[in-house]
**Q** 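Got a structure here, written out as C-alpha cells. Questions coming.
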Protein chains: 2
Amino acid sequence: MLTDRELLILQAIVQIYTSDGQPVGSKALVSQLPMHVSSATIRNEMATLEEIGLLKKTHSSSGRIPSIQGYRYYVDHLLKPDKVQSSDLRQIRSSFNHQFQEIDDIVAESADMLSKLTSYTAFTVKPELKDAKLEGFRLVPLGNHRVMAILVTDNGDVQNRTFKVPSNVDPEALEAVIRIINDELVGLTLSEVFKRLATDIPNQIGKYIETPEGFLDVFEDVLKKSATERFFVGGQLNLLDFSKQHDLGAIRSLYRLMNHSTDLASVLGSPDQNIKVQIGNEITNNLLKNYSLITATYDVDQHGKGVIAVLGPTSMPYSKMIGLVGAFRTELARRLIDYYHDIDDS
Amino acid sequence: MLTDRELLILQAIVQIYTSDGQPVGSKALVSQLPMHVSSATIRNEMATLEEIGLLKKTHSSSGRIPSIQGYRYYVDHLLKPDKVQSSDLRQIRSSFNHQFQEIDDIVAESADMLSKLTSYTAFTVKPELKDAKLEGFRLVPLGNHRVMAILVTDNGDVQNRTFKVPSNVDPEALEAVIRIINDELVGLTLSEVFKRLATDIPNQIGKYIETPEGFLDVFEDVLKKSATERFFVGGQLNLLDFSKQHDLGAIRSLYRLMNHSTDLASVLGSPDQNIKVQIGNEITNNLLKNYSLITATYDVDQHGKGVIAVLGPTSMPYSKMIGLVGAFRTELARRLIDYYHDIDDS
DNA sequence: TCTTAGCACTCCAATGTGCTAAGTGCTAAA
DNA sequence: TTTAGCACTTAGCACATTGGAGTGCTAAGA
C-alpha cells in the first residue's frame with residue numbers, strides 16, 4: 001500500500017513528465033510538491049517507488065520517469081479528467097455546425113478534428129451496422145450491361161458499387177431478382193440478410209439468372225464495404241512528431257496498420273461504456289507497444305454505437321486527453337442524433 | 001562545346017553518383033573510365049566542367065557531384081533509357097491481370113505498382129474527361145426524401161452522390177427534372193453541359209422546382225467530383241526514405257500537396273507526347289525544388305489521355321526510371337484499352 | 001600543347017578529452 | 001524518520017586531434 005506522500009510524488013512525476021518530457025529529478029520535484037521536504041527524502045521515496053515498479057530511470061544517474069505500471073496506477077487511481085478548454089469546445093461545435101449530406105462526412109471530419117485538438121493520431125468508427133435493417137436495394141442499369149447496385153439501410157447509410165452483368169442476362173430477369181430481394185430481404189437486419197444469402201436466396205435467384213454466384217458476390221461486396229468502410233483516421237502525419245523512434249520500417253508498418261480496417265478493428269476492440277486507456281504493451285497489437293491508446297464509445301441511441309480513439313505517446317497528458325475524448329464523444333453523438341433526426345423527420 | 005572525354009566524365013559522374021550517392025573523386029573515377037588517364041588529368045577536366053556549371057562540389061575539398069544543369073545535360077544528351085527488367089515487366093503485367101470493375105481501380109493500382117517498382121512516390125491521373133460525353137443521368141429515390149444522383153459518361157466513368165430534397169418537392173417534379181436533363185444534356189460533352197447549366201437549364205427546371213439552385217449544385221458537385229478525383233498517389237511514405245531533409249514541416253507540406261488535386265494538377269502540368277524530366281528547381285512548385293519529377297502521358301485512343309509521374313530525389317538513376325516509366329505507360333494504356341473494349345462490346 | 005607525378009593544402013568525419021550540470025545512493029547526525 | 005553532506009555516475013556539450021579523401025597548382029616529360 002502506498003503512503004499519501006508516495007501518491008503525491010507519483011502523481012507529480014507523471015504530470016511533470018507528460019507535460020515537458022524530461023525525466024524528473026529529486027531537486028526539481030521539491031519545488032513542485034505541496035509539502036516541504038528535502039530532496040534527499042524525495043530520493044528515498046523515489047527509490048521505493050522504483051522498487052515497487054512504478055518508476056524507472058533512463059540511466060543510472062538520471063531522474064525518474066513513470067513505468068508502464070506507473071502510468072497505469074496514475075490513470076486508475078490518481079487522475080481526474082481535465083475540464084475541456086472552452087476554446088476547444090467552441091472549435092468542435094463550429095466544425096459540426098455544417099450541413100452534412102452523409103454520415104461518413106461527419107465521422108471523417110471528426111477524425112480530423114480530434115487529431116487537431118490532440119495533435120496526435122485520431123480514429124473514428126461509424127456506428128455499428130450489425131443491427132441495422134436493410135431498407136432498400138436498387139439496381140440501376142447504366143447502359144452497356146453495366147449496373148449500379150445501391151443498398152440503403154435504415155440508419156441512413158448508403159453504399160453503392162457498379163458491376164457488369166453478363167450479356168446473356170435480360171433486363172426482365174434483373175427486375176425479377178430485384179423483386180425477390182426487395183420482397184425477401186428488405187426489412188431484415190444485415191446479419192439476417194447475410195444468413196439468407198448463404199442459404200435459400202441463391203436458389204430463388206437461380207431461376208432467373210444462370211450463374212447467380214457472381215450476382216450474389218456483388219451484393220456481399222456492398223455489404224462488406226459498409227462493414228469495412230467504417231474506419232476513419234485523422235492526423236496520420238502527427239505520428240511522425242510524437243513517435244521518437246526514427247526507425248522508418250516501424251513507422252511504415254504503423255501506417256499500413258492504420259489503413260487496414262480489419263487490423264484497426266482488432267486494435268480498437270469491442271466498445272464498452274467507459275473511456276478506456278491502454279498503455280504501452282497493454283495494447284494488443286505489438287506495433288503499438290510504445291504508444292498509448294484512449295478509446296471511447298459514443299452512443300447514437302437506436303442508431304447504434306461507434307468508437308473514437310486517440311493514439312499518442314505513452315507520455316501523453318492523460319487527464320487532458322481523457323477530458324477531451326469524453327467531451328468529444330458527447331458532441332459527436334449529439335451531432336449524429338441531430339443528423340438522424342433530420343432524415344427521419346423530413 | 002564539350003570534348004568526348006568531358007562527356008564521358010560527366011556521364012560517369014552522374015551514373016556513379018546516382019547509384020551510390022557519394023560524391024565522385026578523381027582517383028575513384030580513374031578506374032571507372034574506359035580509357036587510361038591519370039587522376040590529375042581528370043582533376044583538370046573536372047575543374048573545367050565545374051567552370052561551365054555542370055558539376056559542383058559539396059565542400060572545397062570534396063569530390064564532384066552533378067549540378068542541376070549537369071543532370072539536365074546528361075538527361076538531354078547522354079542518357080539512353082534502360083531496357084526495363086523482365087521481372088519488373090512481369091510484375092506489371094501480373095498486377096494488371098485482374099478483372100477490374102472500375103477504371104479507378106486500375107489507375108489506383110497503377111500508382112501503387114509504379115511506386116513499388118521505383119521505390120519513389122508515384123502519381124497516376126485518369127484519362128481526361130473534358131471531351132467525354134454525358135451518357136446518362138439518374139436520380140434514384142432512396143426514401144426519406146433522399147435521392148442519389150448518378151452520372152455516367154461515355155468513357156465508362158460513373159459518379160454518384162446522395163442528397164436530400166426539400167420535403168415540398170413532389171416526385172413528379174423530380175421526374176420532370178430528370179426528363180429535362182436527359183433530353184437536353186445527355187449526349188453533350190461535359191464542358192457543354194457546364195455551359196448549359198449556367199445559362200438556360202435553371203429556367204427550365206425552375207418551372208418544376210421552386211429553388212433550382214440547390215438542385216443544380218448537386219449536379220455540378222458530381223461533375224466536379226469526376227474532375228477532381230482523377231488523381232491517385234502511390235508510395236507516399238517512400239518520400240520519407242528519399243527525402244534527406246528531416247524538416248518535418250516541409251514533409252508535412254509535401255503530403256498536403258500530394259493530396260490536393262488542384263495543386264497536383266498544376267505540378268503534373270499539361271501532358272505532351274514525350275517523357276518529360278524536370279529536375280530540381282525546374283519544377284514549378286517550390287516545395288519540390290529538391291526533387292526530380294518524371295512525367296509521361298498515356299494514350300487510351302478515343303478515351304482520352306492520362307498522366308503518370310514519378311517523384312524522386314534529383315540524384316535518381318534517370319536512365320532506369322525513364323525506361324520504367326516508358327514501359328509502364330504502354331502497359332497501362334494497353335490495359336485500359338482492354339477495359340474499354342470489354343465495356344463497349346458487352 | 002597535353003599529360004602526369006608530386007606536393008601542399010582543405011575539409012569532413014570520426015574519435016577522444018575534459019568539463020559541467022543534474023542526478024543518484026549512502027551514511028551519519030539531528 | 002528526516003536531513004545534510006558527500007562520493008559517484010551519466011548525458012551532453014564544446015573542443016581538439018587525427019586520418020583520409022579530395023583538390024589545385026606546378027614543373028617536368030612526351
Side-chain angles (χ1 to χ4, degrees), chain A residues 1-10 12-17 19-67 70 244-246 315, chain B residues 1-10 12-17 19-67 70 244-246 315:
Chain A
M1 200 49 217
L2 297 178
T3 67
D4 284 353
R5 195 167 65 190
E6 285 165 340
L7 291 181
L8 273 174
I9 290 175
L10 175 60
I13 288 179
V14 172
Q15 280 167 358
I16 295 173
Y17 182 61
S19 76
D20 76 1
Q22 295 301 315
V24 184
S26 54
K27 276 185 200 148
L29 199 45
V30 169
S31 57
Q32 302 294 319
L33 285 178
M35 69 280 198
H36 185 71
V37 285
S38 79
S39 63
T41 309
I42 310 256
R43 280 200 289 285
N44 289 332
E45 300 277 40
M46 281 175 156
T48 65
L49 284 171
E50 182 172 358
E51 217 163 318
I52 306 174
L54 298 180
L55 293 181
K56 64 180 184 181
K57 293 189 270 196
T58 61
H59 61 81
S60 77
S61 74
S62 77
R64 300 303 207 295
I65 64 174
S67 68
K244 44 215 76 171
Q245 51 179 329
H246 286 267
S315 65
Chain B
M1 200 48 220
L2 297 179
T3 67
D4 284 353
R5 195 167 64 191
E6 284 166 338
L7 292 180
L8 272 174
I9 289 175
L10 175 59
I13 288 179
V14 171
Q15 281 167 357
I16 295 173
Y17 182 60
S19 76
D20 75 1
Q22 294 301 316
V24 184
S26 54
K27 275 183 200 150
L29 198 45
V30 168
S31 58
Q32 301 295 319
L33 284 178
M35 69 278 200
H36 185 72
V37 285
S38 78
S39 63
T41 308
I42 309 258
R43 280 201 289 284
N44 290 333
E45 300 278 38
M46 281 175 157
T48 65
L49 283 171
E50 181 172 0
E51 217 163 320
I52 307 174
L54 298 181
L55 293 181
K56 64 180 184 181
K57 292 189 269 196
T58 60
H59 60 81
S60 77
S61 74
S62 78
R64 300 304 207 293
I65 64 174
S67 67
K244 44 214 81 172
Q245 51 178 329
H246 286 267
S315 64

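Numbers restart at 1 for each chain; the letters A, B, ... are given by sequence-line order, proteins then strands.
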**Q** Between B:E6 (side chain only) and B:T3 (backbone N and O only), is there a donor and an acceptor less than 3.5 Å apart?
**A**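 Looks like yes, one N/O pair under 3.5 Å.
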**Q** With a 4.0 Å limit, can you tell me whether A:S60 has a side-chain N or O closer than that to the phosphate oxygens OP1/OP2 of D:dT10?
**A**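 Yes, because at least one side-chain N or O of A:S60 sits under 4.0 Å from OP1 or OP2 of D:dT10.
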**Q** Give a yes/no answer on whether the side chain of A:K56 brings an N or O atom under 4.0 Å of OP1 or OP2 in C:dT24.
**A**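 For C:dT24, neither OP1 nor OP2 has a side-chain N or O of A:K56 closer than 4.0 Å.
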**Q** Can you check the B:I13 CD1 to D:dG22 P distance for me, whole Å?
**A**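 Whole-Å distance recorded here is 12 Å.
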**Q** Starting at CZ of A:R5 and ending at P of D:dT3, how long is that distance when rounded to a whole Å?
**A**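 Rounded to whole Å, this separation is 7 Å.
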**Q** So if I take residues 19-45 of chain A and measure heavy-atom distances to DNA chain C, which residues fall below 4.0 Å?
**A**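 Going residue by residue through residues 19-45 of chain A, the ones with a heavy atom under 4.0 Å of DNA chain C turn out to be A:G25, A:S26, A:R43.
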**Q** Distance check needed: C:dC12 C1' versus B:I65 CD1, whole Å only.
**A**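 Nearest whole value for this atom pair: 15 Å.
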**Q** Grab the CD-P distance between A:E6 and D:dT2 for me, whole Å please.
**A**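 Interatomic distance, CD of A:E6 to P of D:dT2: 11 Å.
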**Q** Atom OG1 in A:T48, atom CD1 in A:I9: separation rounded to 0.5 Å?
**A**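 Those atoms lie 7.5 Å apart.
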**Q** Figure out the NZ/C1' separation between B:K57 and C:dC9, and round it to whole Å.
**A**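 B:K57 atom NZ is separated from C:dC9 atom C1' by 12 Å.
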**Q** In this structure, how many angstroms lie between the P atom of D:dC25 and the CD atom of B:E51, rounded?
**A**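 Taking CD of B:E51 and P of D:dC25, I get 10 Å after rounding.
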**Q** Report yes if some heavy atom in the side chain of B:I13 is under 4.5 Å from a heavy atom in the side chain of B:M46; otherwise report no.
**A**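 Of all side-chain heavy-atom pairs linking B:M46 with B:I13, at least one is under 4.5 Å.
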**Q** With a 4.5 Å cut-off on side-chain heavy atoms, are A:S38 and A:V30 touching?
**A**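 The answer is no, as the side chains (C-beta and beyond) never meet within the 4.5 Å cut-off.
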**Q** Below 4.0 angstrom, N of the basic side chain to O of the carboxylate: do A:E50 and A:K56 qualify?
**A**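 So A:E50 does not pair with A:K56 through a salt bridge.
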**Q** In whole angstrom, give the distance that lies between atom CZ of B:R64 and atom C1' of C:dT10.
**A**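 After rounding, the gap between these two atoms is 13 Å.
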**Q** Within this structure, what is the NE2-to-P distance between B:H59 and C:dC11, rounded to whole angstrom?
**A**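 Roughly 9 Å, once rounded to whole Å.
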**Q** Please check if the side chain of B:S67 supplies one atom and the backbone of B:L54 the other of a donor-acceptor pair under 3.5 Å.
**A**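 Yes; at least one donor-acceptor contact below 3.5 Å.
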**Q** Are any side-chain N or O atoms of A:S62 and backbone N or O atoms of A:T58, one a donor and one an acceptor, separated by less than 3.5 Å?
**A**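 Yes: the side chain of A:S62 pairs with the backbone of A:T58.
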**Q** Heavy-atom nearest nucleotide on DNA chain C for A:S61 versus B:T58: which residue maps closer to 5'?
**A**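 Here B:T58 is the residue nearer the 5' end.
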